[in-house]
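As the structure is a prediction and not an experimental result, all values here were calculated from the model. A, B, ... follow the sequence lines: proteins, then strands. Residue 1 opens every chain. Only heavy atoms go into these numbers, but all of them, side chains included; no hydrogens, no water, no symmetry mates.
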Amino acid sequence: MYEFKLIEEKWQKYWQDHKVFEAAIDPKKKKYYVLEMFPYPSGKIHMGHVRNYTIADVAARFKMMQGFNVLHPMGFDAFGQPAENAAIKNNSKPDIWTHKCIDWMKIELKKMGFSYDWSRELSTCESGYYKWNQWIFLKMYERGLAYKGKAGVNWCPSCSTTLANEEVIDGGCWRCHTQVEQKDLEQWYLKITEYRERLLEDLKQLKNWPERVIAMQNNWIGKSLGVEIYFRLDNSDKIIPVFTTRVDTIFGATYIVLAPEHPLVKEIVKGKPQEKEVLKFIEKVSKETKQVRSKDDVKKEGVFTGCFCINPVNNEKIPIWTADYVLMEYGTGAIMAVPTHDQRDFLFAKEHKLPMRIVIKNPGSESNNPDELVEAYEDDGIQVNSGKFDGLSNSEAKIKIAEWMEKEKIGKIQTHWRLRDWLISRQRFWGTPIPMINCPKCGTVPVPYEDLPVKLPNDAPFTGEGGSPLGKVKEFTDVKCPKCKSLARRETDTMATFFDSSWYFLRFASPDFKKAPFDQKEARYWMPVDQYIGGIEHAILHLLYSRFFTKFFKDLGLIDFDEPFLQLLTQGMVLKDGEVMSKSRGNIVDPDSIISKYGADTLRLFILFAAPPETELDWDEKGMEGAHRFLNRVWRIQENLKSIADPQLLRILHKTIKKVSDDYAGFKFNTAIAGLMELVNAIYQYGADRNTFSILILLLAPIAPHFCEELWQQMGNKGSISKSGWPQYDPKMLIDDTVTIIIQVNGKVRSKLDVPQDISEKKVREMALCDDKVKPWIEGKAIKNIIFVPKKLLSIVI
RNA sequence: GGGCAAGUGGUGGAAUGGCAUACACGAAGGACUUAAAAUCCUUUGGCCGCAAGGCCGUGAGGGUUCAACUCCCUCCUUGCCCACCA
């Protein structure tokens with residue numbers, strides 16, 4: 001039994017005292033920057049963190065042993081609501097709570113033996129960091145990328161703060177899940193939409209990102225090509241623009257629908273007999289939450305406005321409705337309804353007995369009668385009832401009709417985007433103050449660069465209610481206008497914490513740099529991040545914002561690359577009995593208690609062995625025992641070393657070096673460990689010599705570093721094993737003298753032959769045909785064909 | 001409704017056109033021990049058979065191939081993400 005507690009403490013101290021993992025520019029060495037998504041300091045690390053950081057640590061240590069100059073930093077995403085909530089609850093201060101949490105988490109992270117360069121540690125709540133948030137904000141403001149806008153914003157009544165669209169999940173607050181309300185406020189936005197084309201285009205560069213993350217980003221940016229069509233109001237010059245991606249169905253538009261919030265609705269019903277009913281309907285819909293309106297099973301409601309408009313392609317007079325299934329936020333807030341080719345329109349038209357016309361012929365149906373439809377036909381087909389476009393395939397017609405409409409000036413080809421500007425204002429204390437001053441004379445005035453940072457006051461009244469706590473601190477709000485020197489009021493909103501995490505990876509290159517967010521010389525060497533690792537929950541927001549900031553820095557001339565993260569790995573969740581570990585379920589396994597029972601090396605080994613990094617991992621304490629048993633099995637090898645290497649074992653050793661090296665490089669840690677276990681099993685069979693054992697220790701070192709450092713030292717080596725180089729295999733040792741050839745008859749395995757590896761096909765044929773196990777299957781039958789795959793198999797077809 | 005994954009022994013998983021179930025867990029048996037733990041050894045997909053051996057078997061069905069967990073088509077199930085997006 002090895003004494004994991006003593007060994008782990010000993011080597012953690014050694015790494016710290018000898019600054020083993022402190023990184024510095026070395027132009028002679030190839031750099032490797034490995035980064036995991038930094039944690040929010042909630043107080044304790046959980047198994048998700050352990051898994052994330054263990055994966056990254058093996059990558060870092062493996063690359064280091066291979067001779068790369070590795071940067072592997074760690075920091076804390078320290079601003080945010082929980083600190084403030086804790087302050088409210090405990091009548092304390094957010095910074096005290098946060099620093100306590102950070103200290104505690106650092107202890108736990110160090111116990112895991114991660115190879116961090118702690119000299120680069122950063123926390124986003126330090127003014128030395130958030131000063132640069134403010135600097136970046138001002139640079140964006142100068143370029144018109146930060147602007148103030150009044151808008152209906154998502155308001156969480158529980159946190160009494162606004163939320164970005166992206167932070168609203170199923171109509172609820174992303175943290176507390178309270179139903180989100182709509183509220184009008186003056187807010188700061190970042191114009192991420194200005195970068196949408198590049199954010200979309202550059203996704204193509206990201207060859208080493210998981211496909212699904214690319215797909216999610218794609219959908220989120222949501223570029224759709226379509227046509228804006230101008231419907232003229234009957235007996236008026238007023239134009240109602242309508243956006244469609246299915247312009248091929250325009251000849252089948254039998255009515256149009258305006259969103260109830262559409263400003264035209266009230267205008268056009270004025271004085272009409274329907275006015276009262278329409279206004280009542282608008283009133284009713286305004287009370288519905290977006291949630292209710294988006295439910296699929298809720299019946300689509302709507303009313304006729306009494307007005308008509310003209311379909312510009314055939315001058316048909318069609319009715320105008322308003323209905324709750326049309327959303328003001330998307331497109332133009334108005335749609336053309338084609339009941340035959342859109343299922344929502346179909347259900348609505350059936351309900352309200354509106355006319356229909358088939359314009360895309362379903363190749364699988366004879367009928368041309370819309371009354372016989374049981375649902376809308378949304379697939380491809382041939383144009384009918386579409387004037388001069390009849391007979392074209394609808395995909396062809398889409399382009400032809402769009403071009404024709406643009407020529408006739410009755411429509412315009414348009415691009416629509418789903419991505420909105422990013423709302424960053426928060427009515428919260430524990431965040432970066434937005435560096436702006438509101439002067440009664442000069443209006444909005446930026447804080448001069450030399451006055452940065454705008455520091456958070458030490459104290460503020462925390463009630464959790466009302467607007468920004470900063471608004472109640474007079475020393476903070478009262479300030480002289482930088483322009484006219486008259487009394488002005490400081491902006492009291494703080495920035496969303498996603499701002500902080502959108503560039504921290506650059507700050508790690510030079511965490512103490514005083515003149516800019518980062519030292520260009522350091523950034524040029526270390527960036528971009530070679531391997532980024534984190535949870536899939538950040539697949540959209542955090543990664544999109546980080547990509548946006550990176551492009552912005554490039555435009556400022558500070559860096560010369562487009563994308564911050566070359567390779568991305570999204571690790572799977574850690575489950576317990578098939579369920580997500582969570583406080584509410586009460587099924588949390590505390591890493592700390594596991595470390596004291598088995599040691600960090602065993603925990604690292606188990607968590608990597610139990611499943612591939614990307615898939616879910618079901619926690620199983622029995623598996624921990626197995627992992628621990630394996631380490632003890634390795635430990636005992638040293639008691640019984642032979643002086644001469646067994647030639648059989650030597651071949652297995654070299655194959656293992658290759659397998660483990662390849663598997664580490666491909667993040668296939670579970671099979672790498674399986675390979676090491678096979679090697680250990682072989683050692684127990686053949687007996688190991690010193691060299692074989694040393695190589696085993698080196699191969700295992702990235703996964704169980706303390707354990708291997710100790711054995712490495714006991715073998716008489718000096719210095720850290722992480723600087724000792726990576727074992728190389730001899731390609732000649734991978735080739736066996738003999739190979740096993742599989743003999744198949746009609747695809748079924750009937751025999752196996754052990755033969756010299758360079759044997760001729762003729763010889764194998766001869767051996768196979770007179771093989772005792774093969775004979776009965778081919779006797780008296782005509783051989784049609786024989787397929788020979790060298791070194792693998794011979795397949796006889798009869 | 002759309003997109004992306006995935007579905008393999010009692011369990012976690014391995015194999016990405018060429019011996020299905022590597023490695024581990026669990027289970028059963030044995031050695032050592034006064035005993036237990038630890039350790040070591042053996043067995044462990046199903047069915048038939050004393051055995052040799054045979055047949056079946058990777059969610060279901062079909063296809064391509066000498067050969068399919070792997071490629072193609074249809075479907076089912078689960079997970080994740082998106083969604084009255086026009």
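Here A:E621 pairs with A:K597 under the salt bridge (Lys or Arg N to Asp or Glu O under 4.0 Å) rule; sequence neighbours left out. Looking at residues two or more places apart in sequence or on another chain, you find no salt bridge (Lys or Arg N to Asp or Glu O under 4.0 Å) involving A:K350. Partners of A:K204 under the salt bridge (Lys or Arg N to Asp or Glu O under 4.0 Å) rule, at least two apart in sequence or in another chain, are A:E201. Under the salt bridge (Lys or Arg N to Asp or Glu O under 4.0 Å) criterion, A:R51 pairs with no residue, sequence neighbours left out.
Between A:Y545 and A:F498, the ring planes lie perpendicular to each other; the angle is over 60°, past the 30° to 60° tilted range. Taking the six-membered ring where the residue is Trp, A:Y2 and A:H628 present tilted rings, their angle falling between 30° and 60°. In this pair, A:F243 and A:H416 present their aromatic rings tilted. The plane angle is within the 30 to 60° band.
When the side-chain nitrogen and oxygen atoms of A:N218 are compared with OP1 and OP2 of B:C82, none of them lie within a distance under 4.0 Å.
Rounded to the nearest 0.5 angstrom, A:L206 CG and A:F565 CZ are separated by 10.5 Å. Rounding to the nearest 0.5 Å places CG of A:L568 at 8.5 Å from OH of A:Y532.
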Output one line per pair: protein atom, nucleotide atom from nucleotides 54-58 of chain B, and distance, for all N/O pairs under 3.5 Å.
{"from": "B:C55", "atom 1": "OP1", "to": "A:R750", "atom 2": "NH2", "distance (Å)": "3.3"}
{"from": "B:C55", "atom 1": "OP2", "to": "A:R750", "atom 2": "NH1", "distance (Å)": "3.4"}
{"from": "B:C56", "atom 1": "OP2", "to": "A:K748", "atom 2": "NZ", "distance (Å)": "3.3"}

Pairs: protein N or O with nucleotides 45-51 of chain B N or O, under 3.5 Å:
none

What does the list of N/O pairs under 3.5 Å between the protein and nucleotides 9-15 of chain B look like, with a distance for each?
{"from": "B:G12", "atom 1": "O2'", "to": "A:A610", "atom 2": "O", "distance (Å)": "2.5"}
{"from": "B:G13", "atom 1": "O3'", "to": "A:N670", "atom 2": "ND2", "distance (Å)": "3.4"}
{"from": "B:A14", "atom 1": "OP1", "to": "A:N670", "atom 2": "ND2", "distance (Å)": "2.9"}

Distances for protein N/O vs nucleotides 65-72 of chain B N/O pairs under 3.5 angstrom?
{"from": "B:C66", "atom 1": "O2", "to": "A:S795", "atom 2": "OG", "distance (Å)": "2.8"}

At a cut-off of 3.5 Å, list every protein nitrogen or oxygen paired with a nitrogen or oxygen from nucleotides 39-44 of chain B, distance to 0.1 Å.
{"from": "B:U39", "atom 1": "O3'", "to": "A:R636", "atom 2": "NH2", "distance (Å)": "3.2"}
{"from": "B:C40", "atom 1": "OP1", "to": "A:R633", "atom 2": "NH1", "distance (Å)": "2.5"}
{"from": "B:C40", "atom 1": "OP1", "to": "A:R636", "atom 2": "NH2", "distance (Å)": "3.4"}

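The residue A:R418 sits close to a base: some heavy atom pair falls under 4.0 Å. Note on A:G623: nothing from the nucleic acid sits closer than 4.0 angstrom, heavy atoms only.
Separation of the P atoms belonging to B:G9 and B:C76 is 22 Å when rounded to the nearest angstrom.
Using Watson-Crick or G-U wobble geometry with both donor-acceptor distances under 3.5 Å, B:G9 finds no partner in any strand shown.
Residue pairs meeting the salt bridge (Lys or Arg N to Asp or Glu O under 4.0 Å) criterion with at least one member in residues 651-680 of chain A, sequence neighbours excluded, are A:R651-A:D737, A:K655-A:D736, A:K658-A:D662, A:K659-A:D663. Applying the salt bridge (Lys or Arg N to Asp or Glu O under 4.0 Å) rule to pairs touching residues 333-346 of chain A yields A:D342-A:R344, sequence neighbours excluded.
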Start with the C-alpha gap between A:F707 and A:W635, add the side-chain angles, then the distance that decides, and say whether ring pair (Phe, Tyr, Trp, His ring centres under 6.0 Å) holds.
CA-CA 9 Å; A:F707 177 89; A:W635 188 262; 5.7 Å; yes
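Between A:I742 and A:M677, the residue anchored nearer the 5' end of RNA chain B, judged by the nucleotide with its closest heavy atom, is A:I742.
Proximity note for A:A674 (side chain, C-beta onward) versus B:G18, B:C23, B:A83: the nearest is B:C23.
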Cut-off 3.5 Å, no hydrogens considered: what does the side-chain donor-acceptor table look like for residues 785-797 of chain A, sequence neighbours left out?
{"from": "A:K791", "atom 1": "NZ", "to": "A:Q757", "atom 2": "OE1", "distance (Å)": "3.3"}

